[in-house]
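Order of the sequence lines fixes the chain letters, A, B, ..., with proteins taken first and strands second; residue numbering starts at 1 for each chain. Remember, it's a predicted structure, so these values are computed and weren't measured experimentally.
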There are 4 protein chains.
Amino acid sequence: MSAPMDLPKTGKRELQKEARRTAIIDAALDAFTQQGFTATKLDDVADRAGIGKGTIYLYFDSKENLFEEVVRQTLFPIRDAAAARLDSFTGSASELLTVHFSDFYVAMGNPKIPPLIAMISGEALRFPAIASFFYEEIISKSQAILRRIISRGVESGEFRPEANELYLQLLTAPVLISTTWNLQFREQAPIEIEKYMQMHIEFVLRAIKV
Amino acid sequence: MSAPMDLPKTGKRELQKEARRTAIIDAALDAFTQQGFTATKLDDVADRAGIGKGTIYLYFDSKENLFEEVVRQTLFPIRDAAAARLDSFTGSASELLTVHFSDFYVAMGNPKIPPLIAMISGEALRFPAIASFFYEEIISKSQAILRRIISRGVESGEFRPEANELYLQLLTAPVLISTTWNLQFREQAPIEIEKYMQMHIEFVLRAIKV
Amino acid sequence: MSAPMDLPKTGKRELQKEARRTAIIDAALDAFTQQGFTATKLDDVADRAGIGKGTIYLYFDSKENLFEEVVRQTLFPIRDAAAARLDSFTGSASELLTVHFSDFYVAMGNPKIPPLIAMISGEALRFPAIASFFYEEIISKSQAILRRIISRGVESGEFRPEANELYLQLLTAPVLISTTWNLQFREQAPIEIEKYMQMHIEFVLRAIKV
Amino acid sequence: MSAPMDLPKTGKRELQKEARRTAIIDAALDAFTQQGFTATKLDDVADRAGIGKGTIYLYFDSKENLFEEVVRQTLFPIRDAAAARLDSFTGSASELLTVHFSDFYVAMGNPKIPPLIAMISGEALRFPAIASFFYEEIISKSQAILRRIISRGVESGEFRPEANELYLQLLTAPVLISTTWNLQFREQAPIEIEKYMQMHIEFVLRAIKV
DNA sequence: TATGAATGAGGGTTCATTCAT
DNA sequence: TATGAATGAACCCTCATTCAT
């Protein structure tokens with residue numbers, strides 16, 4: 001109506017709306033990860049975001065839709081960063097693998113991520129759409145990257161040819177477990193991520209190197 | 001609770017009560033693992049157990065208490081089986097490790113277990129008592145066993161001395177991930193457990209053998 | 001379980017339940033007719049019935065289902081009474097018609113009925129199921145009775161043969177209009193039902209007699 | 001409201017405002033008659049009128065006020081048309097009565113009218129002001145006209161003197177019932193208005209003619 | 001001991017109304 | 001004047017828990 005052309009949101013109104021949307025997602029991320037999906041009250045989300053309860057429905061269709069957007073906004077950047085890294089990297093496959101896992105651990109260092117992943121796992125059974133979305137957008141893309149790194153190593157003679165056949169979960173499992181662990185058992189026996197990461201990478205390399 | 005020691009209940013009344021209690025726990029296990037904690041209705045549990053809804057409250061204080069008892073009752077046998085095996089085994093540390101992991105995978109083959117573990121993870125934040133119990137009774141005991149196996153291997157010269165320092169999660173992570181995986185992503189990319197297990201064991205041995 | 005046979009509800013429990021059900025229907029009838037379907041709050045129905053809000057859902061599936069039951073319980077007896085009368089009546093067709101309309105007006109004298117019918121009309125557009133149910137169970141059965149009375153009169157030579165072809169709404173319309181009228185315009189120009197009824201019957205007979 | 005007398009607004013501004021007001025009323029009429037008062041959302045009305053939701057409140061105080069204005073604006077023309085006809089007519093009272101009813105049925109042929117009347121009936125209990133307005137402006141004026149026609153017929157010797165005493169609802173009821181009927185039971189047993197109308201007029205004349 | 005009817009707090013969602021732009 | 005984003009009260013329905021039988 002007023003904007004001369006619809007260039008990427010420049011109006012005050014549009015910026016406002018985008019900020020609101022982000023605020024709601026942030027608030028929802030906190031609430032969901034602290035309480036789980038079902039136990040989270042939209043009242044609480046609204047309070048955290050400093051808005052009225054009805055406002056949420058101006059931006060999201062339902063609680064489930066909000067949850068999806070939370071996952072999207074939070075995990076997409078990580079996935080995209082990992083992909084970008086791969087393209088620009090020059091160096092040995094071992095070095096690349098090291099960097100890749102290191103990135104992975106850094107991402108998990110964001111305190112919002114582990115609880116989010118734990119929650120997704122917990123709710124996956126009752127929300128197959130979430131599981132599916134998570135697999136397609138995050139898991140399978142991550143695995144593709146890792147697969148390419150290993151192929152590179154096999155071609156260059158750094159890794160044993162059998163590495164190409166491995167279930168990649170064998171390599172990545174410790175990352176996920178470490179985050180879950182510190183979430184649940186930090187009190188009893190915390191994992192020191194720095195040390196754990198080094199052991200993990202060495203462990204993997206020893207298993208797949210020629 | 002009331003018995004001076006936990007001698008086996010022998011009266012007809014006590015047996016009857018114990019059977020009822022077990023029936024409720026079984027029904028609750030099914031319900032919880034299929035629907036998650038919050039989504040499970042005690043009505044449903046009562047129906048599955050073939051009793052009235054109010055009866056549940058004669059045996060358990062609350063839904064949360066029931067959940068805790070379900071976890072306890074279900075995981076105890078697993079823990080006990082693992083400990084028993086170790087004591088009676090004779091053979092190389094590699095063989096023992098193989099058997100240990102194999103047992104582990106077999107336990108996870110019980111279709112009730114993976115959803116239970118997933119659920120525990122999902123609800124752990126809101127049930128610290130559960131997380132704590134899970135750690136003390138299952139995780140730490142399980143790790144102790146694994147630690148002893150590795151020690152034996154290091155002593156016998158089969159495994160590298162550094163193996164004694166490893167975070168054991170690096171070794172066991174793939175087991176847990178495999179169960180979670182098949183729970184969530186069976187549709188998209190199922191893991192063949194038999195093959196996966198062999199790769200896993202070989203992977204671990206290659207990493208820790210001298 | 002306990003009753004030796006399932007004879008018509010004799011247990012205290014069953015009587016209780018039946019009484020509850022009736023109490024809810026009565027309360028709902030009042031609320032619906034005073035406020036309309038949409039504007040009626042189940043909270044209010046519960047208060048009027050002197051029960052908790054959740055109790056309604058032990059007896060009815062939903063607000064709509066409750067509405068249907070209200071219509072059923074309230075209008076079925078009237079319909080059935082009219083049918084019974086017809087079978088037992090001996091006398092001229094004019095007399096029968098007179099009695100039939102008289103019964104009709106008596107039924108409408110029940111202060112619950114007119115508002116109920118007005119409400120059904122008002123909500124019919126948005127609840128076709130209600131309209132359909134109302135037609136099948138009340139309207140068409142009422143018309144069948146009236147049709148038989150007229151046939152009898154034509155056969156006996158009291159009524160003109162063309163009467164068999166008449167839209168019956170021409171005969172019954174004044175009954176319905178009178179109830180609606182006194183509902184809406186009692187203040188401005190009330191209809192005296194007794195006088196109105198006599199005029200109506202005379203009016204109809206004059207129009208259809210030979 | 002503000003104009004000293006209700007002279008036709010002539011300024012450009014006033015015309016614009018009047019057009020907007022009319023557009024809203026038209027949109028609201030559609031919405032109300034299709035969905036009923038409570039179920040109609042002002043969002044929907046605004047969309048139909050092609051304006052913003054807030055704009056409605058520049059022209060009407062509330063949803064209820066809008067409803068009243070819709071009824072007023074829609075029914076005024078009908079009332080006025082009926083009155084005009086009478087003054088100019090020359091012919092027998094029977095012919096005049098025929099024309100009068102015929103006009104009535106034509107007015108009801110406007111597809112907006114029957115649902116509006118049904119809705120008024122349905123909501124009348126909660127909107128006494130509407131009922132009152134409806135009576136004063138439409139019903140009583142309409143009855144006055146009919147009363148004059150009958151008087152003329154009695155004076156001319158066409159109609160029986162008792163016709164002057166009749167409740168006029170006995171004569172007009174079938175018109176209203178026919179519109180309600182086709183609204184609710186068109187599916188089950190539609191009324192053919194043309195045939196129905198002829199039967200109705202003949203029915204009435206047979207009842208009141210000498 | 002066992003039941004299941006009753007309760008009522010609680011939550012997701014809707015929508016008339018307000019108000020900053 | 002016109003907009004539409006924001007609000008929050010309201011409402012239907014659920015379900016853990018209680019309690020009379």
Side-chain angles (χ1 to χ4, degrees), chain A residues 1-2 11-14 16-17 20-21 38-47 49-66, chain B residues 13 16-17 20 38-47 49-66, chain C residues 1-2 11-14 16-17 20-21 38-47 49-66, chain D residues 13 16-17 20 38-47 49-66:
Chain A
M1 289 244 167
S2 56
K12 223 183 278 181
R13 239 2 184 321
E14 277 75 21
Q16 267 282 15
K17 287 194 68 169
R20 253 317 133 88
R21 198 186 143 82
T38 316
T40 292
K41 295 172 260 191
L42 291 189
D43 264 313
D44 182 30
V45 173
D47 283 352
I51 58 169
K53 180 164 44 161
T55 306
I56 293 173
Y57 285 86
L58 297 177
Y59 294 87
F60 305 94
D61 291 338
S62 66
K63 196 184 179 187
E64 288 198 28
N65 174 239
L66 171 57
Chain B
R13 251 325 185 352
Q16 166 95 352
K17 283 195 65 170
R20 202 45 67 104
T38 316
T40 291
K41 295 175 257 189
L42 290 189
D43 264 310
D44 183 29
V45 173
D47 283 352
I51 58 167
K53 181 165 43 162
T55 307
I56 294 174
Y57 284 85
L58 298 177
Y59 294 86
F60 304 93
D61 291 340
S62 66
K63 193 184 179 187
E64 300 203 359
N65 173 241
L66 172 58
Chain C
M1 288 242 170
S2 57
K12 223 184 277 180
R13 242 355 186 326
E14 276 75 20
Q16 267 283 15
K17 288 195 67 170
R20 256 313 134 88
R21 197 186 144 83
T38 316
T40 292
K41 296 172 259 191
L42 290 189
D43 264 313
D44 182 31
V45 173
D47 282 352
I51 57 168
K53 182 169 34 166
T55 306
I56 293 173
Y57 286 87
L58 296 177
Y59 295 86
F60 305 94
D61 291 338
S62 65
K63 194 183 178 186
E64 289 197 26
N65 174 240
L66 172 58
Chain D
R13 247 334 185 345
Q16 166 94 353
K17 283 194 64 172
R20 197 53 60 108
T38 315
T40 292
K41 295 175 257 189
L42 291 189
D43 263 310
D44 182 29
V45 173
D47 282 353
I51 58 167
K53 180 165 44 161
T55 307
I56 294 173
Y57 284 86
L58 298 176
Y59 294 87
F60 304 93
D61 291 340
S62 66
K63 192 184 178 187
E64 300 203 359
N65 172 241
L66 171 58

For this session: At under 4.0 Å between heavy atoms, which parts of nucleotides 12-18 of chain E does protein reach? Answer with one letter per nucleotide, 5' to 3': B base, S sugar-phosphate only, - none.
Result: SBBSBBB

Exercise. Tell me, what's DNA chain F's dot-bracket, Watson-Crick or G-U with both distances under 3.5 Å, | for other-strand, [ ] crossing?
Worked result: .||||||||||||||||||||

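- Two residues are said to be in side-chain contact when any heavy atoms from C-beta on lie closer than 4.5 Å; L58(A) and R20(A) fail this criterion.
- Spacing between atom CG of L58(C) and atom P of dT3(E) amounts to 18 Å, rounded to whole angstrom units.
- Note: CD1 (I56(A)) to P (dG8(F)) measures 13 Å, nearest angstrom.
- For the atom pair CG (N65(D)) and OH (Y59(D)), the distance works out to 14.0 Å, reported to the nearest 0.5 Å.
- Note that CZ of R21(A) is 9.0 Å distant from CG of L66(A), once rounded to the nearest 0.5 Å.
- F60(A) comes within 4.0 angstrom of nothing in the nucleic acid, heavy atoms only.
- Summarising the geometry, the separation between CG on D47(A) and C1' on dG8(F) is reported as 12 Å, rounded to the nearest angstrom.
- Within the 4.0 Å cut-off from OP1 or OP2 of dA6(F), at least one side-chain nitrogen or oxygen of Y59(A) is found.
- Regarding contacts with the backbone of dT1(F), every side-chain N or O of R20(D) stays at 4.0 angstrom or more from both OP1 and OP2.
- Across all their heavy atoms, K63(B) and L42(B) have their closest contact at CG-CD2, 4.0 Å.
- Rounded to whole angstrom, the span from the NZ atom of K17(C) across to the P atom of dA5(E) amounts to 4 Å.
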